[in-house]
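Being a predicted model, the structure only gives us computed values, none of them experimental. Protein chains get the first letters and strands the later ones, always in sequence-line order, with residue 1 at the start of each.
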Protein chains: 2
Amino acid sequence: MEGTKETEIPDSIRCEFEEKGGIVGIVESLPDDQTIGDIVSVARALSDPVRVRVIFALSVQPMCVCLIVAMTGYAYSKMSYHLSVLKEGGLVCARQEGNYLIYYLTDLGRRVTLWIG
Amino acid sequence: MEGTKETEIPDSIRCEFEEKGGIVGIVESLPDDQTIGDIVSVARALSDPVRVRVIFALSVQPMCVCLIVAMTGYAYSKMSYHLSVLKEGGLVCARQEGNYLIYYLTDLGRRVTLWIG
DNA sequence: CCAACGTTTCAACAATGTTTGAAACAATGG
DNA sequence: CCATTGTTTCAAACATTGTTGAAACGTTGG
């Protein structure tokens with residue numbers, strides 16, 4: 001055994017694989033951890049049906065929490081949790097208006113909603 | 001109170017909201033459950049860093065499990081689990097070659113990888 | 001047929017994510 | 001200042017996901 005090789009790999013792959021620089025080459029071509037982390041947090045935000053519904057609804061128009069709650073039938077505290085996950089994923093943000101909090105899509109939220117739609 | 005109205009909503013939203021048909025109108029404009037479910041299962045597949053890394057690696061070239069394992073340092077059984085999540089999300093599939101299983105991106109997997117990259 | 005290899009499956013366990021209801025907070029109107 | 005309304009926070013219960021190591025499966029070569 002010489003150098004970086006430890007694993008046997010099938011012929012059908014070996015050639016292309018070595019051309020690409022082997023494991024080292026492929027790993028180097030991967031996005032950095034920060035980018036991967038961003039992707040993961042968006043994905044997590046989208047990994048629940050009610051949250052997906054909410055961002056689609058917000059893509060129609062901004063809404064206060066009371067509307068979102070009325071639309072989904074969820075309790076305030078429950079929806080508050082889901083909204084916080086969407087906020088952490090960078091998909092929504094909120095502005096205060098009097099007694100109300102109005103949630104709306106961020107730029108990223110808009111792009112994501114367009115793309116998955 | 002007349003008709004569908006039960007919730008007080010702030011002035012800044014009311015007008016636009018009623019134009020869109022209120023809650024009923026907005027709910028009707030949402031994607032159907034099947035579509036939402038598909039989005040969620042793709043999102044879940046992407047909601048772990050190692051899985052995201054794997055699909056990026058597979059976008060460079062198909063790989064047998066032993067290579068993926070070597071690349072990530074994960075145990076076989078662990079990686080096998082993550083690959084099954086990616087498969088359930090419809091992002092990857094595999095073909096057998098002799099003793100090896102070679103994973104590669106599906107069409108959906110390719111589109112997703114391109115978009116998130 | 002047997003042994004070796006690549007891979008998956010399984011069950012127990014650990015870790016994370018979600019729900020619940022009560023309590024707290026902030027803004028408004030009286 | 002007080003009561004009310006819209007919303008968040010918190011901790012405890014609960015549910016879903018991820019990890020581990022051992023055992024099983026399928027394919028290959030001897």
Rounded to whole angstrom units, what separation is found between the [atom1] atom of [X] and the [atom2] atom of [N]?
| X | N | atom1 | atom2 | answer |
| --- | --- | --- | --- | --- |
| B:K78 | D:dA22 | NZ | C1' | 17 Å |
| A:Y81 | D:dA11 | OH | P | 16 Å |
| B:H82 | D:dT20 | NE2 | P | 9 Å |
| B:Q96 | D:dG26 | CD | P | 10 Å |
| A:L67 | D:dG6 | CG | C1' | 12 Å |
| A:I9 | C:dC5 | CD1 | C1' | 16 Å |
| B:L83 | C:dT8 | CG | C1' | 11 Å |
| A:M79 | D:dT7 | CE | P | 12 Å |

Contact list for DNA chain C against residues 32-49 of chain A - heavy-atom distance below 4.0 Å:
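Nucleic-acid contacts, sorted: A:R44.
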Of all the choices, D:dT7, C:dT8, D:dT9, which nucleotide is nearest to the side chain of A:S77 once you look at every atom?
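Nucleotide nearest to A:S77's side chain: D:dT9.
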Nearest to the A:V85 side chain among D:dT7, C:dT18, C:dT7, which nucleotide is it?
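Closest of the options to the side chain of A:V85: C:dT18.
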Just jot down the side-chain hydrogen bond (donor to acceptor under 3.5 Å, both in side chains) partners of B:D33, sequence neighbours excluded, or say none.
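Expected list: none.
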Closest non-hydrogen atom pair between A:R51 and A:H82, with its separation
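Minimum heavy-atom separation between A:R51 and A:H82: NH1-ND1, 3.1 Å.
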For A:G90 against A:T106, the heavy-atom pair lying closest together
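Where A:G90 meets A:T106 most closely, the heavy atoms are O-OG1, 2.6 Å.
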For C:dA24, does OP1 or OP2 lie under 4.0 Å from any side-chain N or O of A:Y76?
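Indeed not, no polar side-chain atom of A:Y76 lies that close.
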Would one find more than 12 heavy atoms of other residues, nucleotides or ligands at under 6.0 Å from atom CD of A:Q96?
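For A:Q96, atom CD is crowded (more than 12 foreign heavy atoms under 6.0 Å).
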Ignoring hydrogens and angles, state whether a donor on the side chain of A:D32 or A:T35 is under 3.5 Å from an acceptor on the partner side chain.
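Yes - a donor-acceptor pair under 3.5 Å links their side chains.
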For D:dT5, does the base pair up with any side-chain atom of A:N99 as donor and acceptor (N or O, under 3.5 Å, distance only)?
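Looking at the base of D:dT5, it does pair with a donor or acceptor on the side chain of A:N99 (distance under 3.5 Å).
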5'-most contact on DNA chain C: A:E97 or A:A75, nearest heavy atom basis?
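Between the two, 5'-proximity favours A:A75.
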Position toward the 5' end of DNA chain D (nearest nucleotide), A:Y100 or B:G98:
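Final value for this comparison: A:Y100.
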Less than 4.5 Å apart, any side-chain heavy atom of A:L46 and any of A:I55?
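Yes, their side chains come closer than 4.5 Å.
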Test of understanding: clusters of I, L, V, M, F, W, Y form through side-chain heavy atoms closer than 4.5 Å, transitively. Do A:I26 and B:V69 belong to the same one?
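Same cluster.
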